[in-house]
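Residue numbering restarts at 1 for every chain, and letters A, B, ... go by the order of the sequence lines.
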Protein chains: 2
Amino acid sequence: MNGAQALIRTLADAGVTACFTNPGTSEMHFVAALDDVPEMRAVLALFEGVATGAADGYARMAGRPAATLLHLGPGLGNGLANLHNARKGKVPVVNIVGDHATHHVRYDAQLQSDIETAARNVSSWVRTSRSTGDLARDAAAAVAAAQGPPGQVATLILPADVSWGQGAEPVPPRAPAAAPAPSGAAVRAAAEALRSGEPAALLLGGRALREPALVAAARVAAATGATLLAETFPARLERGAGLPAVERIAYLAEFASTQLDGLRHLILVDAKEPVSFFAYPGRPSRLAPEGCAVSVLAAPDQDALAGVEALVDALGAGETAPPVQPAARPERPSGPLTAAAVCQAVGALLPEGAIVSDEAQTSGIYLTGATAGAPRHDWLCLTGGAIGQGLPLAVGAAVACPDRPVLALQADGSALYTIQALWTMARENLDVTVIVFNNRSYAILNMELDRVGAGEPGPKARSQLDLDGPGLDFVALATGFGVPASRPETAEDLLDALARALAEPGPHLIEAVIPPIF
Amino acid sequence: MNGAQALIRTLADAGVTACFTNPGTSEMHFVAALDDVPEMRAVLALFEGVATGAADGYARMAGRPAATLLHLGPGLGNGLANLHNARKGKVPVVNIVGDHATHHVRYDAQLQSDIETAARNVSSWVRTSRSTGDLARDAAAAVAAAQGPPGQVATLILPADVSWGQGAEPVPPRAPAAAPAPSGAAVRAAAEALRSGEPAALLLGGRALREPALVAAARVAAATGATLLAETFPARLERGAGLPAVERIAYLAEFASTQLDGLRHLILVDAKEPVSFFAYPGRPSRLAPEGCAVSVLAAPDQDALAGVEALVDALGAGETAPPVQPAARPERPSGPLTAAAVCQAVGALLPEGAIVSDEAQTSGIYLTGATAGAPRHDWLCLTGGAIGQGLPLAVGAAVACPDRPVLALQADGSALYTIQALWTMARENLDVTVIVFNNRSYAILNMELDRVGAGEPGPKARSQLDLDGPGLDFVALATGFGVPASRPETAEDLLDALARALAEPGPHLIEAVIPPIF
């Protein structure tokens, strides 16, 4: 068999059975080999940022990495922003980046560039496979590296001749590395802080935001009076009625500082110490108050669940009932469309088992409250701040979980970086409902322009943040990509459109034209 | 004044008076400072690949670099593919990439990444400005580096606090470096080869494809019987009735080899030795035949025009009349729409002084012939093979030359990488006519799949190259972005639509649904 065949077989045997693709000539042997491995699903994207964001969304929901197939340095470049998000979210991704044949590199043909250099921006593991005989082993190593712990981006560069060469053999998967439990000392230190009687909080991130760790953390909180906090933009948060509620740290440093105010102990569980998203003149980067001791119960490469469960034991909280979120839905909204009304409609109708890809930005500030008591669901956030993640993430989540409804709540400006994702939704008939919050501006930047203290903006500066000249027509864009779309004019019509979209299989887009919040 | 104000003033004083932007919070002081420098035009893009491709197109036509304004590592990543094309085309671009404030970097906030690493993939010159006092000097150095010779991509990374800091002063521009003339030895060697009586060709690229060098090279060819060839994908080729004609080397290695067959001397004038675009099993990468001596008259950092003029003198060809292309237009096409009919219509109607951005791929194979005798125009090609350049290039060319009609001839698959360029065309009311050749496939990959010898493709492989499930509706997409659009059904209707689009100011899109050529 040739290299490509052994590569795909090795990936599939290691559990990588989805590949999000945007191939070119140098990847044609990989493409031809897809038919030889029936387990491998290949999902075509029109743009590489869709492929990489979809691989991220897939892994968040499937619990195992997907592959991407990208075309040389420029293809990787186009995928870099969403790989940045995956890296920041500690989500495993295996990139296969085609390259020129090894003997062709020295001629510096048009598409030649230094792929490894670009790959290092996002990848903890980068390797150019040097021979057909090594390729399958390199692929198994890439999957193992991606799996971590913690999950990370691994990039395997595949020269065309390594792909087309004969004599390759698949390689069995490597046993995944187990995350070690946190040390007894870390558990004792956390228990001591929590028993001190001083204000304390557990800050949960990563794997600590899934049900088992949430339940254990809720026991700890109930037994000690500690606060439960979550990182600002988790990769995946399990929430809704019947699950312990956890308060996410606010995006705005001013609000985050208020949340953390008065704390004397902040215990990190698979989370980073909170810092300001951006720097602002004269304001601190760290958000924890002076005099607050920050300690680590479980680092990202450790077993967060084991850490919280050990803490439950150390505190004797095993019998403490974990408080959970009661079921509650907001009223159905009526009247004019506003960001709040759309959020309320989402809360009123969010189906059981939904997966929410949240890139609603400023328009989404009411979402957390509106959906807190909705039936149990998963919430996926923009982990690395590189906008244009929401629609691709929804693609990947829908491929991973074909039996669950996916809701993509999407800001207008952010949607336009990877709007091509709509076509993949149509092509694969994915059950995704997209709501675009169209406030016709980069509203968050209008706010940030004030916050950074850049003075009173002139007309040129203001025009840089305005998306209203011309206004974008998301119904037309969705139609162009093959997704049925509507633009309800009132809250009542939005409820109808949302109910219809959720009831019908396949993708739908709803454009909500709303005033900006700021 | 603050850093951003001094930076923009320095750029404008150095002739950089257009900035293609997609800013975020870390660039807000730059945005606020735009109003302080009236000469600086800021053109907003919805996606960074539009901004970088537009900067490329602007510089090709204006003869001086534009700036881009990008948001941290992910913003640069999104712009990388079109910067790759600029790099390969030796087109000057000055990137301003915002970064976190210097004191914020150590906190590894969500958008933190190693920007310099990603920048090196495309930039010959990369610098992170370390202090407000150095910023204007760094900017002047960036412009000088971009100008070359040869033109290149220079990336200046701008930490937010360096931008907002006070006490900066603008810096006067550096004198541009002059390209040295080629050595007398190189001229004598070329003259000797051309006098040998053996089959010889001049291969022109870069600056050698502008009128003065073309005229001189045509004298050389007429005096010696040498063939005039051009590189396959020039950044800018001046052509049409009244200018010397030059034959571009074919994309397909098979055809290129035929063009070069029998040559004993190939003389490079601001061009690379021709190599195969991709490697294919068992086929050579170099295209010049065995026994053909390849020599350099002028390297890319030398003055190609001076070199060709010295060659004219050495050959005593100063009085030789340069043969020029006679005026000729193809017949107006009629009947069903095909790629050939669209190319014919372009040839029939191409206006005097047009700028053509050519990313028509397989559908454009008749363009060269159909437009050879049209009124004088400029032809801009996909220089680095990273598709998604055509529409952004047209944006930049139209900003640089507001009085000239711009025609973007665009393949369907390639259009979708940077389709957001349509919105900037609408917003700036640019006089661009886009023709999309919609053959509903990655037709070039269907051809390449056969050429690489990957065997008979199965259904999964074929589906990776097919854009017909669902078919893309470019009229709807254009409408969504605010560009008036039509979909003529016959060649006659296409001629009408094209004539109307060319006659009316502002952008238009014409979707031509055609069968694939292969």
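- When atom types are taken as modelled, the side chain of Lys460(A) and the backbone of Met40(B) share a donor-acceptor pair closer than 3.5 angstrom.
- Neither the backbone nor the side chain of Asp36(B) has a heavy atom closer than 4.5 Å to any heavy atom of chain A.
- Heavy-atom distances place the backbone of Pro38(B), and not its side chain, under 4.5 Å from chain A.
- Checking each of Asn446(B), Leu445(B), Asp450(B) against Met28(A) for a side chain to side chain contact (heavy atoms under 4.5 Å, CB included) leaves exactly one that passes, namely Leu445(B).
- Tyr107(A) and Phe277(B) have their aromatic ring centers separated by at least 6.0 angstrom.
- For a residue to count as touching a neighbouring chain, one of its non-hydrogen atoms must lie under 4.5 Å from one of that chain's; by this rule Glu456(B) does not touch chain A.
- Ranked by heavy-atom pairs under 4.5 Å with chain A, the first of Ala119(B), Ala42(B), Pro457(B), Ala101(B) is Ala42(B).
- Taking the six-membered ring where the residue is Trp, the centroids of Phe278(A) and His104(B) are separated by 6.0 Å or more.
- Considering every non-hydrogen atom in both Gln112(A) and Arg87(B), the closest pair reads O-NH2, 3.1 Å.
- Listed options Asp473(A), Thr25(A), Leu44(A), Thr117(A) were ranked by heavy-atom pairs under 4.5 angstrom with chain B; first place goes to Thr25(A).
- Annotation: maximal heavy-atom pairing with chain B below 4.5 Å, among Gly482(A), Ala160(A), Ser463(A), Gly455(A), occurs at Ser463(A).
- In this structure, Ala426(B) and Pro470(A) approach most closely via the heavy-atom pair CB-CG, 3.7 Å.
- Between Leu467(A) and Trp423(B) there is a side-chain heavy-atom pair separated by less than 4.5 Å.
- Highest contact tally toward chain A, considering only Ser276(B), Gly73(B), Gly413(B), is held by Ser276(B) [criterion: heavy-atom pairs under 4.5 Å].
- Neither the backbone nor the side chain of Leu69(B) comes within less than 4.5 Å of any heavy atom in chain A.
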Evaluate the side-chain contact (heavy atoms from CB on, under 4.5 Å) criterion for residues Trp164(A) and Tyr280(B): first the C-alpha distance (whole Å), next the side-chain angles of each, then the deciding distance (0.1 Å), finally the verdict. CA-CA 10 Å; Trp164(A) 76 50; Tyr280(B) 301 93; 5.5 Å; no
For Asn78(B) and Leu80(A), run side-chain contact (heavy atoms from CB on, under 4.5 Å): C-alpha distance rounded to whole Å, both residues' side-chain angles, the deciding distance at 0.1 Å, then the answer. CA-CA 7 Å; Asn78(B) 281 337; Leu80(A) 224 51; over 6 Å; no
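- For Asp161(B), no part sits under 4.5 Å from any heavy atom of chain A, backbone or side chain.
- At a 4.5 Å heavy-atom cutoff, Phe474(A) makes no contact with chain B through either its backbone or its side chain.
- In terms of heavy-atom pairs under 4.5 angstrom with chain A, the leader among Gly458(B), Gly79(B), Ala279(B), Ala32(B) is Ala279(B).
- A donor and an acceptor atom, one from each side chain of Gln464(B) and Thr21(A), are located under 3.5 Å apart.
- Of the residues considered (Thr232(B), Asn22(B), Leu72(B), Asn2(B)), Asn22(B) shows the highest number of contacts with chain A, using heavy-atom pairs under 4.5 Å.
- The most heavy-atom pairs under 4.5 Å with chain A, out of Glu48(B), Arg41(B), Glu27(B), come from Glu48(B).
- The candidate from Leu46(A), Val275(A), Asp114(A) with the greatest count of non-hydrogen atom pairs under 4.5 Å with chain B is Leu46(A).
- Ser285(A) and His103(B) make their closest contact through OG-CD2, 4.0 Å (heavy atoms, listed as atom of the first residue, atom of the second, distance).
- Neither the backbone nor the side chain of Arg106(B) comes within contact range of chain A; no heavy atoms are under 4.5 Å apart.
- Proximity to chain B is absent for every atom of Glu116(A), based on heavy atoms less than 4.5 angstrom apart.
- Only the backbone of Val37(B) comes within contact range of chain A, with heavy atoms under 4.5 Å apart.
- Contact of Ala485(B) with chain A is not made at all, since no heavy-atom distance falls under 4.5 Å.
- Open room surrounds CZ on Arg286(B); 12 or fewer heavy atoms of other groups in view lie less than 6.0 Å from it.
- Rounding to the nearest 0.5 Å gives a distance of 9.0 Å between CG of Asp468(A) and CZ of Arg427(B).
- Side-chain N or O atoms of Gln110(A) include none that pairs as donor or acceptor with a backbone N or O of Thr383(B) at under 3.5 Å.
- Heavy atoms of Ser163(B) lying under 4.5 Å from chain A are absent altogether.
- Between chain A and the options Leu416(B), Leu472(B), Leu111(B), heavy-atom pairs under 4.5 Å are most frequent for Leu111(B).
- Of the listed residues Thr418(A), Asp466(A), Val50(A), Leu76(A), the one with more heavy-atom pairs under 4.5 angstrom with chain B than any other is Asp466(A).
- Most heavy-atom pairs under 4.5 Å with chain B, from the set His84(A), Arg451(A), Glu448(A): that is His84(A).
- For the set Ser113(A), Gly165(A), Pro284(A), the count of heavy-atom pairs under 4.5 angstrom toward chain B peaks at Ser113(A).
- Between Lys88(B) and Asp108(A) there is a salt bridge, since at least one side-chain N of the basic residue sits less than 4.0 Å from a carboxylate O of the acidic one.
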